[in-house]
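Naming: A, B, ... by sequence-line order, numbering from 1 per chain. Any value given below was found using the heavy atoms of this structure, including those in side chains, with hydrogens, waters and symmetry copies removed.
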There are 2 protein chains.
Amino acid sequence: MFRINKLTDYAVVLLVDMARTQRVRAAHDIAAETGVPVPTVAKVMKALVRGGLVRSTRGASGGYVLARPADRIVMADMIEALEGPIAMTACVDHADDGCEREGFCPMAGHWNRVNHAVRRALVGITLADVAGSCHPPVWANRASQGSGTSTGPRDSGGAVYLASE
Amino acid sequence: MFRINKLTDYAVVLLVDMARTQRVRAAHDIAAETGVPVPTVAKVMKALVRGGLVRSTRGASGGYVLARPADRIVMADMIEALEGPIAMTACVDHADDGCEREGFCPMAGHWNRVNHAVRRALVGITLADVAGSCHPPVWANRASQGSGTSTGPRDSGGAVYLASE
DNA sequence: TAGAAATGGGACTGATTTGGTCCCGATTTG
DNA sequence: CAAATCGGGACCAAATCAGTCCCATTTCTA
Ligand code: FES
Ligand code: FES
């Protein structure tokens, strides 16, 4: 029903990986381990840093680490970091610019209810939950082999949706 | 966080309008009352009919009516009708085509949890809820005046997002 | 029976968003 | 100083979306 950005999908994959190995690692390193193309990792990381989910260290031997423990990073954070600001239709409270139709809008701010319901759902799931009971990185071995650039994804249709049932 | 199609937004507006006046009305009629351009109403209605939310009558004096009472139409229905099938990433159960990465995917089907959480939220809100405590169609008067074609929306940014807060 | 009124199903095009890649300046290590 | 990294965009190709139109089909009404 809702479509989630492919980049957001990647973000979750990277975050899960970071949640496992709690230490500073360079982007290319994370890329190798997850199979996500390096430039893409870089792009996603930028967003993640801006969103405050990840802390970066510059300079040689720099890299990225989770900014807080995995159980304090929720789904909503991740999605927001990648998907940008947010605000549902002009109808939503957030639209600070204000909606000129508000006075005669048949919805009259009822999207808000939907918004909050969904957000509540998304706040209820932490990175720890998602990374949790997962098989150890079996695939870590497979990394750094392959044709170099685009080993990983790209095959599976990719983009993320919201389940129907 | 999630972006909702503009068409889906329109769909909700139209459904709310239909929920109020429970009788068969032609597309152009509904268009006039809501301010949504006629061709767009037609397009949305087609999706709504295919989705089984609305029943159509063809021929002269035909039109559209809600297929069931408003309190039995949930947000998830509306969104699914417009946004198509659904399934979140290849990771999701639904992806019947099966995901070849499943064996070594760091998420290992955990999107499912997210999916279901969101869907549950969306199933909990009915059209009746949304249309409910709303001011009467004040704006109905404003209809059918204006330059004819694109009176209504188009001004407000339009597309729908999911609230951040 | 003929004609008008509606929906059904697509085709089509322009605009917008995404996905992915690169480049270059800033920062830190050693 | 040189090497390793991140930071911030610019950029372009591909996919999606939005919005319009057109024409066949169905049904009511004169
Ligand atoms: S269109 Fe702005 S309040 Fe609904
Ligand atoms: S990518 Fe297919 S199961 Fe995760």
Handout entry: A:A26, nearest nucleotide to its side chain (from D:dA18, D:dC6, C:dG19)
Key =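 Of D:dA18, D:dC6, C:dG19, D:dC6 is nearest to the side chain of A:A26.
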
Practice task
Tell me which nucleotide among C:dG19, D:dT20, C:dG8 gets nearest to the side chain of A:L7.
Solution key: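 For the A:L7 side chain, the nearest candidate turns out to be C:dG19.
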
From [atom1] of [X] over to [atom2] of [N], roughly how many Å is that when rounded to an integer?
| X | N | atom1 | atom2 | result |
| --- | --- | --- | --- | --- |
| A:R23 | D:dT5 | CZ | C1' | 16 Å |
| A:N5 | C:dT17 | CG | P | 12 Å |
| B:R55 | C:dA6 | CZ | C1' | 17 Å |
| B:H28 | C:dA4 | NE2 | P | 16 Å |
| B:Y64 | C:dA5 | OH | C1' | 13 Å |

Problem - Members of residues 44-52 of chain B that approach DNA chain D, where some heavy atom sits under 4.0 Å away - result: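 Residues of residues 44-52 of chain B that come under 4.0 Å of DNA chain D do not exist, since none gets that close.
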
Practice task
Check every strand shown and say whether A:A27 touches a base, only sugar-phosphate, or nothing at a heavy-atom separation below 4.0 Å.
Solution key: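 Sugar-phosphate contact only - A:A27 comes under 4.0 Å of backbone atoms but never of a base.
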
Exercise for the section: Using atom types as modelled and distance alone, determine if a side-chain donor or acceptor of A:R68 lies under 3.5 Å from a backbone N or O of A:R72. Expected result: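 At least one qualifying donor-acceptor pair exists.
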
Practice task
For the pair A:D129 (side chain) and A:T126 (backbone), establish whether a donor and an acceptor sit closer than 3.5 Å, ignoring hydrogens and angles.
Solution key: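 Yes, because the side chain of A:D129 sits within donor-acceptor range (under 3.5 Å) of the backbone of A:T126.
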
Handout entry: Any B:K6 side-chain N or O less than 4.0 Å from OP1/OP2 of D:dT16
Key = no

Problem - Under 4.0 angstrom between B:Y10 side-chain N/O and D:dA18 OP1 or OP2 - result: no

Completion exercise
Taken to the nearest 0.5 Å, the spacing of A:L15 CG from A:M75 CE works out to 9.0 Å

Practice task
Quick one: pull up CZ in B:R55 and CE in B:M18 and give me the separation to the nearest 0.5 Å.
Solution key: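 If I round to the nearest 0.5 Å, the distance is 10.0 Å.
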
Problem - B:N5 vs B:I79 side-chain heavy atoms within contact, under 4.5 Å - result: no

Problem - Audit row: A:V41, A:V38, side chain to side chain contact (heavy atoms under 4.5 Å, CB included) steps and yes/no - result: CA-CA 5 Å; A:V41 171; A:V38 178; 5.5 Å; no

Exercise for the section: Please assess A:D77 against A:V123 for the test side chain to side chain contact (heavy atoms under 4.5 Å, CB included), listing each intermediate value before the final yes or no. Expected result: CA-CA 8 Å; A:D77 295 330; A:V123 165; over 6 Å; no

Contact list (N/O, under 3.5 angstrom) for nucleotides 28-30 of chain C vs protein:
unit_1, atom_1, unit_2, atom_2, d
C:dT28, O2, A:A60, N, 3.1

Problem - side chain to side chain contact (heavy atoms under 4.5 Å, CB included) between B:L66 and B:L127, intermediate numbers included - result: CA-CA 11 Å; B:L66 252 38; B:L127 175 55; 4.0 Å; yes

Completion exercise
Of A:S56 and A:K43, the one whose closest nucleotide on DNA chain D sits nearer the 5' end is A:S56

Practice task
List the steps and the verdict of side chain to side chain contact (heavy atoms under 4.5 Å, CB included) for A:M78 and B:V114.
Solution key: CA-CA 12 Å; A:M78 312 183 214; B:V114 178; over 6 Å; no

